[in-house]
Amino acid sequence: QVQLAESGGGLVQAGGSLRLSCAASGRTFSNYHMGWFRQAPGKEREFVAHISQRGVITNYADSVKGRFTISRDNAKNSVYLQMNSVKPEDTAVYYCAAKANVLGWNNPSAYDYWGQGTQVTVSS
C-alpha cells in the first residue's frame, strides 16, 4: 500500500503561481510513477502531468504544457506540481496518484493509489 497526501492548494489570482506537494508513505516511493490529475465540478477527472520513477521522463496535458512543472524528490518521498500563469479554468480539485508501471500514464484508471485531493481555486 502507498498512502498519498496532497497539500498546497488554495485561492490564487489569475496569472499567479501555486506549488502543490504530495507526500507518500508506505512502500518504496522510487518504485512508482507519479501523476497529477484534476477534477472540476461536473467534469471527469483529467490528466495533468506524469513523472517517471527517477524523474527522467515527464509528460503534460496540452492545457498545462509550458505553465506547470512536475518534479519529485525521492529522498523526501514527495512529488510536486509547480503551477505558474494559472487561469480560472485551472480551478479544480487536484489529486496525486501512483502506479507501478509506465503503461497508461495519462489514464486515471491505470493508477493504483490516490490521495484525497487539494482544492485549487483561481480567481479572475
Side-chain angles (χ1 to χ4, degrees):
Q1 289 283 344
V2 176
Q3 292 78 43
L4 302 171
E6 302 93 339
S7 61
L11 177 64
V12 60
Q13 287 190 333
S17 297
L18 207 59
R19 189 192 195 209
L20 306 184
S21 298
C22 173
S25 60
R27 294 187 177 180
T28 305
F29 177 69
S30 58
N31 287 347
Y32 292 87
H33 291 257
M34 299 299 296
W36 283 98
F37 292 80
R38 66 187 182 187
Q39 188 165 19
K43 294 188 176 182
E44 293 186 352
R45 192 166 297 188
E46 66 173 3
F47 168 74
V48 176
H50 155 263
I51 189 165
S52 61
Q53 292 113 322
R54 285 164 177 77
V56 175
I57 298 171
T58 58
N59 296 283
Y60 297 92
D62 288 343
S63 59
V64 307
K65 201 171 293 183
R67 299 188 298 122
F68 292 8
T69 302
I70 188 171
S71 62
R72 66 190 296 161
D73 185 338
N74 286 344
K76 295 183 178 180
N77 290 348
S78 294
V79 63
Y80 308 99
L81 186 68
Q82 178 66 43
M83 306 168 61
N84 296 331
S85 302
V86 296
K87 305 175 181 180
E89 50 264 43
D90 294 323
T91 295
V93 177
Y94 283 71
Y95 300 89
C96 68
K99 65 191 310 294
N101 60 64
V102 71
L103 299 177
W105 48 262
N106 60 346
N107 182 355
S109 300
Y111 284 75
D112 302 306
Y113 304 102
W114 290 85
Q116 294 200 344
T118 184
Q119 175 71 48
V120 171
T121 303
V122 182
S123 62
S124 57

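Side chains included, hydrogens not; waters and symmetry mates left out as well; all remaining heavy atoms used.
- Although no hydrogens or angles enter the test, the distance criterion places no donor-acceptor pair under 3.5 Å between the side chain of Q39 and the main chain of A92.
- For the pair Q13/S123, a side-chain contact is recorded, criterion being any heavy-atom separation below 4.5 Å from C-beta on.
- Both cation-pi conditions hold for R72 and F29: the charged atom is under 6.0 angstrom from the six-membered ring centre and inside a 45 degree cone around its axis.
- To the nearest 0.5 angstrom, H50 atom NE2 is 7.0 Å from I57 atom CD1.
- Atom CG of L81 is separated from atom CD of E6 by 11.0 Å, given to the nearest 0.5 angstrom.
- The main-chain N or O of S52 is never found under 3.5 Å from a side-chain atom of N59 such that the two would form a donor-acceptor pair.
- Follow the hydrophobic side-chain contacts under 4.5 Å out from L4 and you reach V120 in the same cluster.
- Under the 30°/60° scheme for interplanar angles, the aromatic rings of Y95 and W114 are found to stand perpendicular.
- Using a 4.0 Å cut-off between a side-chain N of Lys or Arg and a carboxylate O of Asp or Glu, D62 and K65 qualify as a salt bridge.
- Taking CG from D112 and CD from Q1, the interatomic distance works out to 9.5 Å, rounded to the nearest 0.5 Å.
- The side-chain heavy atoms of W36 and M83, taken from C-beta on, include no pair separated by under 4.5 Å.
- When the side-chain contact (heavy atoms from CB on, under 4.5 Å) test is applied to E46, the partners found at least two apart in sequence or on another chain are R38.
- T91 places a side-chain N or O within 3.5 Å of a backbone atom of V122 that can act as its donor or acceptor partner.
- In the hydrophobic clustering of this structure, I51 groups with Y60; members are Ile, Leu, Val, Met, Phe, Trp, Tyr whose side-chain heavy atoms approach within less than 4.5 Å, directly or through other members.
- Rounding to the nearest 0.5 Å gives a distance of 4.5 Å between CZ of F68 and OH of Y94.
- Note that CG of L103 and NE2 of H33 are 8.5 Å apart. Values are rounded to the nearest 0.5 Å.
- For the atom pair CD of Q82 and CD1 of I70, the computed distance is 12.5 Å after rounding to the nearest 0.5 Å.
- The list of side chain to side chain donor-acceptor pair (under 3.5 Å) pairs with a residue in residues 98-110, not counting sequence neighbours, reads K99-N101.
- Taken together through direct or relayed side-chain contacts under 4.5 Å among Ile, Leu, Val, Met, Phe, Trp and Tyr, Y113 and V79 form part of one hydrophobic cluster.
- Screening residues 86-124 for disulfide bond (SG atoms under 2.5 Å apart) gives C22-C96 as the qualifying pairs, with residues at least two apart or on separate chains.
- Figure legend: cation-pi geometry between R19 and Y80, with NZ or CZ positioned under 6.0 Å from the six-membered ring centre and within 45° of its axis.
- Counting heavy atoms from C-beta on, the side chains of P88 and S124 come closer than 4.5 Å.
- Note on L20: it does not cluster hydrophobically with V93, by side-chain heavy-atom contacts below 4.5 Å among ILVMFWY residues.
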